[in-house]
2 protein chains.
Amino acid sequence: MFSKACEYGIRAAVYIALQSLDGRRVSVNEIAEEIDSPMAFTAKILQQLTKNNIVDSVKGPTGGFEIEREAMDTVKLSKIVKAIDGDKIYVGCGLGLKECNADKPCPLHDKFVDVRSNLRTMLQNTSLYELATGLEVGLTYLKR
Amino acid sequence: MFSKACEYGIRAAVYIALQSLDGRRVSVNEIAEEIDSPMAFTAKILQQLTKNNIVDSVKGPTGGFEIEREAMDTVKLSKIVKAIDGDKIYVGCGLGLKECNADKPCPLHDKFVDVRSNLRTMLQNTSLYELATGLEVGLTYLKR
DNA sequence: TTTAATTCGGATAAATTTATCCTTTATTAA
DNA sequence: TTAATAAAGGATAAATTTATCCGAATTAAA
């Protein structure tokens, strides 16, 4: 469904949000450890998230990643997925056809549109805050 | 969503079904041309479909691929997807966690279960016959 | 002002997926 | 029985994704 990079990206963002709720800024090192992801690769993905203004980064000692409380509400999963995997999950044809649309639909088009709009709606309506607070309260888990 | 291999596999199966409705057996060559896919790669995928009893193959002159009328009903998309991509699309965690389940859910678990069961239901309820007849009647298209 | 901690950015490597090529096997028809 | 046709199977190559490494830039604190 999502690429590995995107999975790590979402997990990282959620973890950063969780820690930011406590006013803690976190390093790549800590993030990778806590979300159980490869460190250097995670660093690359965090660069993308930073460039896309999904998280904030600060260099130097005491530096690291954080997310402002407000951004936790405005940043939806859709933004993260788009930043990392692009929009193919929203736009493309389920069977990989270039010229598939309502006018000239592939055999799966209509059924696929349903499933995908379901997914899109879910991603567009799910904020980082929502995910982070689930973790905070102990309802959900991130590691392994 | 699906791998390229799986996209080609579905398209190939639908095309074979369509031609089998006319009593025509088709070669890899024709299939690849008609569904606009790389020939040799498509041949590999057809081997998988054959091994999984999704299509029938016949060697030698006048040989090729075909699907029995009955199989067009019993073969659902889910079977093709499972044969090529495995069951990760049904089973795995959206965030790639190994130990994610209802007991110890990842932050996205519940929302993801919804989307995915939607997809699973769709794949389990969609037969090759349904897809092939859409094409036959000119409601849908397969190429490009 | 130096040192150390941290992100950033480029280069490269490993793994996986996608794709091609070629030989073998089966089978039909001449 | 032979020649031709088509799938099967193995080896390999190309492309993409995943992952690592290392030096540069930034910055806080000693």
Side-chain angles (χ1 to χ4, degrees), chain A residues 1-13 15-16 19 24-33 35-67 81 83-86 88-89 92 95-96, chain B residues 1-13 15-16 19-20 24-67 81 83-86 88-89 92 95-96:
Chain A
M1 189 76 83
F2 306 126
S3 69
K4 275 283 163 202
C6 194
E7 289 176 1
Y8 297 151
I10 295 173
R11 276 149 66 187
Y15 180 73
I16 295 167
Q19 295 305 321
R24 293 189 63 234
R25 195 182 275 162
V26 286
S27 69
V28 178
N29 219 299
E30 175 180 340
I31 294 168
E33 220 150 82
I35 69 171
D36 193 33
S37 68
M39 223 248 294
F41 191 46
T42 304
K44 287 293 186 212
I45 297 158
L46 286 169
Q47 284 180 31
Q48 286 183 264
L49 295 185
T50 303
K51 275 183 197 158
N52 283 275
N53 298 307
I54 290 163
V55 305
D56 297 317
S57 76
V58 178
K59 285 183 176 181
T62 78
F65 296 88
E66 63 192 356
I67 303 180
V81 172
I84 300 178
D85 281 349
K88 59 173 189 281
I89 206 167
L95 299 186
Chain B
M1 187 77 84
F2 307 126
S3 68
K4 276 283 164 202
C6 194
E7 290 177 0
Y8 297 151
I10 296 172
R11 276 150 65 188
Y15 180 74
I16 294 167
Q19 295 306 321
S20 289
R24 294 189 64 235
R25 198 182 271 162
V26 287
S27 69
V28 178
N29 220 300
E30 173 180 339
I31 294 168
E33 221 151 81
E34 288 301 321
I35 70 171
D36 194 31
S37 69
M39 219 242 301
F41 191 46
T42 304
K44 288 292 185 211
I45 297 158
L46 286 168
Q47 285 181 30
Q48 286 183 263
L49 295 186
T50 303
K51 274 183 197 158
N52 283 275
N53 297 308
I54 289 163
V55 304
D56 298 317
S57 77
V58 178
K59 283 185 177 181
T62 78
F65 296 87
E66 64 194 356
I67 303 181
V81 172
I84 300 177
D85 280 350
K88 61 174 187 278
I89 205 167
L95 299 187

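Just so it is clear: chains get the letters A, B, ... in the order the sequence lines come, proteins before strands, and each one is counted from 1. Only heavy atoms go into these numbers, but all of them, side chains included; no hydrogens, no water, no symmetry mates.
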Query - Separation of atom NZ in B:K44 from atom P in C:dC21, rounded to whole Å - result: 13 Å
**Report entry** Length of the line joining B:M39:CE and C:dC21:P, which is rounded to integer Å
**Finding:** 9 Å
Report summary line: On a heavy-atom basis, the closest approach of B:E66 and B:S20 is CA-OG, 3.4 Å
Query raised in the report: Taking only residues two or more places apart in sequence, or in another chain, which ones meet A:Y8 in a ring-ring contact (aromatic ring centres under 6.0 Å, His included)?
Result: A:F41
Report task. Starting from the 5' end of DNA chain D, give me the residue, A:Y8 or A:G60, whose nearest nucleotide shows up first. Result -> A:Y8
Query raised in the report: Going by heavy atoms in the side chains, are A:Q19 and A:F65 under 4.5 Å from each other?
Result: no
Query raised in the report: Nucleotide range of DNA chain D contacted by chain A, 5' to 3', under 4.0 Å to a heavy atom?
Result: D:dT18 to D:dA28
Requested in this report: To the nearest 0.5 Å, tell me how far A:D85 CG sits from A:I10 CD1.
Outcome: 8.0 Å
Requested in this report: Take the protein atom NZ of A:K59 and the nucleotide atom C1' of C:dA5, then report the distance between them rounded to whole Å.
Outcome: 13 Å
Query raised in the report: If you find the nucleotide of DNA chain C closest to B:P61 and the one closest to A:A43, which residue's nucleotide is nearer the 5' end?
Result: A:A43
Query raised in the report: Roughly how many Å is it from CD in A:E66 to P in C:dT6, rounded to a whole number?
Result: 14 Å
Query raised in the report: What is the distance, rounded to the nearest whole Å, between atom CG of B:N29 and atom P of C:dC21?
Result: 13 Å
Query raised in the report: Does the side chain of A:I84 come within less than 4.5 Å of A:F2's, by heavy atoms?
Result: no
Report task. Hey, could you give me the CZ/CD1 distance between A:R11 and A:I16, rounded to the nearest 0.5 Å? Result -> 13.0 Å
Query raised in the report: In whole Å, what is the span from the CZ atom of A:F41 to the P atom of C:dG10?
Result: 17 Å
